[in-house]
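Have a look at the structure below before the remarks.
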Amino acid sequence: MKNFNDLIDKLRKEKTLTKEEYLILIKNREKCKEYLFKNSSEVRDKIYGKDIYIRGLIEFTNYCKNDCLYCGIRRSNKNADRYRLTKEEILNCADEGYKLGFRTYVMQGGEDGYYTDEILVDIIKSVKLKYPDCAITLSIGERSFESYKKLKEAGADRYLLRHETANENHYKKLHPKEMSFENRIKCLENLKKLGYQVGAGFMVGSPYQTEENLAEEMIFLKRINPHMVGIGPFIPHKDTPFNKEKQGKVDVTLFMLGLIRLTLPNVLLPATTALGTIDNLGREKGIKAGANVLMPNLSPVGVRKKYMLYDNKICTGDEAAQCIECLKQRINKIGYNIVVARGDYKGEINYDKI
Ligand code: 5AD
Ligand code: FES
């Protein structure tokens with residue numbers, strides 16, 4: 001026990017461990033999780049206080065050209081009922097979100113060729129013109145450097161692109177052969193070069209993932225030093241090749257959140273919807289483990305059930321206003337406050353180091 005707590009002290013002080021040391025902690029998480037969460041919570045409070053940032057998620061298309069084996073909107077899923085939101089519909093989501101106190105919009109979608117740079121530039125400019133005090137985060141997958149550049153120039157501030165796994169062999173087991181780990185990382189590098197605040201991330205408990213892989217995640221994250229890290233448990237989707245696989249575990253996800261907070265103290269770290277899906281109190285537990293961001297859904301209720309990346313996703317029948325009320329209560333109960341703010345990364349932003 002003492003040894004594990006010493007390792008956690010070392011991590012807090014030096015903000016990094018070796019892969020072997022991370023692995024020791026992960027394997028012995030039951031014995032040291034309380035101590036980890038005490039430290040990760042303190043570090044988060046020191047930097048971000050009791051403020052919890054919210055991001056309004058606008059899921060604007062569920063068309064996707066990719067065929068990731070875990071994902072419910074993969075192109076081979078013929079049962080997915082496909083939709084696209086128009087610019088007007090997206091602006092309506094933004095209007096509603098602004099009234100509810102959102103100052104960041106996350107435009108997320110599958111890799112949908114319909115949304116050319118031209119169309120996206122127009123949408124981004126329109127949202128920014130109407131809401132210049134809001135940040136726009138894009139989460140629309142792999143695109144070229146030139147495309148990322150145009151979108152940045154149009155006003156996009158941040159970009160989420162989870163790497164999904166830091167291990168190239170593992171990556172191959174989760175993705176079809178036309179997708180490559182190398183290109184994924186190249187995209188993250190390009191986004192950083194262009195001055196985006198960049199979010200990486202991975203699934204916890206995805207098929208074939210080992211504890212060693214989780215330790216590798218920490219080394220990888222330290223190296224690329226992202227501004228945001230999105231992690232959540234893998235949850236099987238009934239219409240994917242992984243439908244019979246086991247879902248990720250709450251306790252492992254929480255432990256990884258704690259490790260991430262100590263490794264990248266300033267990181268923007270969401271307690272994800274997937275975590276709230278496998279445990280009714282998952283998001284609250286995530287915050288107690290060191291998270292400081294929530295990403296409620298702002299998509300029109302009519303399309304929510306169609307954006308099913310995994311089974312049983314929560315809040316697909318609720319209006320955004322209901323969710324925000326629900327979340328405010330949940331968060332206040334544990335001593336934190338949802339704030340009306342863009343919620344930018346606090347700390348020195350080094351865009352080159354990746
Ligand atoms: N379970 C959990 N998370 C998933 N994602 C996609 N499919 C699943 C699933 N079955 C995550 C991926 C992706 C993000 C938008 O959602 O990590 O990057
Ligand atoms: Fe959506 Fe509680 S957050 S209903």
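Read the numbers this way: they start at 1 and go in the same order the structure lists the ligands and their atoms.
Under a 4.0 angstrom heavy-atom cut-off, His237 registers as lying outside contact with ligand 1.
Only protein atoms were considered; those of element N, O or S under 2.8 Å from atom 2 (Fe) of ligand 2 number 1.
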What donor-acceptor contacts under 3.5 angstrom involve side-chain atoms of residues 94-102, with partners at least two apart or in another chain?
from, atom 1, to, atom 2, distance (Å)
Asp95, OD1, Lys130, NZ, 2.8
Asp95, OD1, Tyr131, OH, 2.5
Asp95, OD2, Lys130, NZ, 3.1
Tyr98, OH, Asp133, OD2, 2.5

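With ligand atoms numbered from 1 in the order given, ligand 1 contributes 12 (C), 13 (C), 17 (O), 18 (O) to contacts under 4.0 Å with heavy atoms of Glu164. Taking every non-hydrogen atom of Arg162 and a distance limit under 4.0 Å, the qualifying atoms of ligand 1 come out as 11 (C), 12 (C), 17 (O), 18 (O).
The option from Pro233, Ala274, Cys71, Gly141 that lies nearest to atom 2 (C) of ligand 1, judged by heavy atoms, is Pro233. The residue among Tyr310, Phe242, Tyr70 with a heavy atom at the shortest distance from atom 6 (C) of ligand 1 is Tyr70.
Within the structure, every pair that satisfies the salt bridge (Lys or Arg N to Asp or Glu O under 4.0 Å) test and touches residues 330-340, not counting sequence neighbours, is listed here: Glu284-Arg330. The stretch residues 110-120 participates, sequence neighbours left out, in these salt bridge (Lys or Arg N to Asp or Glu O under 4.0 Å) pairs: Lys65-Glu111, Arg84-Asp112, Asp117-Arg143, Asp117-Lys150.
Without hydrogens or angle criteria, Thr104 side chain to Arg342 main chain gives a donor-acceptor distance under 3.5 Å. A donor-acceptor contact shorter than 3.5 Å is absent between the side chain of Arg103 and the backbone of Ala341. Between the side chain of Lys172 and the main chain of Asn167, no donor-acceptor pair closer than 3.5 Å is present.
For ligand 1, one of its N or O atoms has an N or O atom of Ile235 under 3.5 Å away. At a 3.5 angstrom cut-off on N or O pairs, Gln108 does not count as close to ligand 1.
The shortest contact between atom 3 (N) of ligand 1 and any protein heavy atom is with Met203 SD, 3.5 Å. Protein heavy atom closest to atom 16 (O) of ligand 1, with residue, atom name and distance, is Leu309 CD1, 3.4 Å.
By the 4.0 Å N-to-carboxylate-O rule, Glu142 lies close enough to Arg184 to be salt-bridged with it.
Taking the centre and axis of the six-membered ring of Phe255, the NZ or CZ atom of Lys33 falls outside the cone set by 45° and 6.0 Å.
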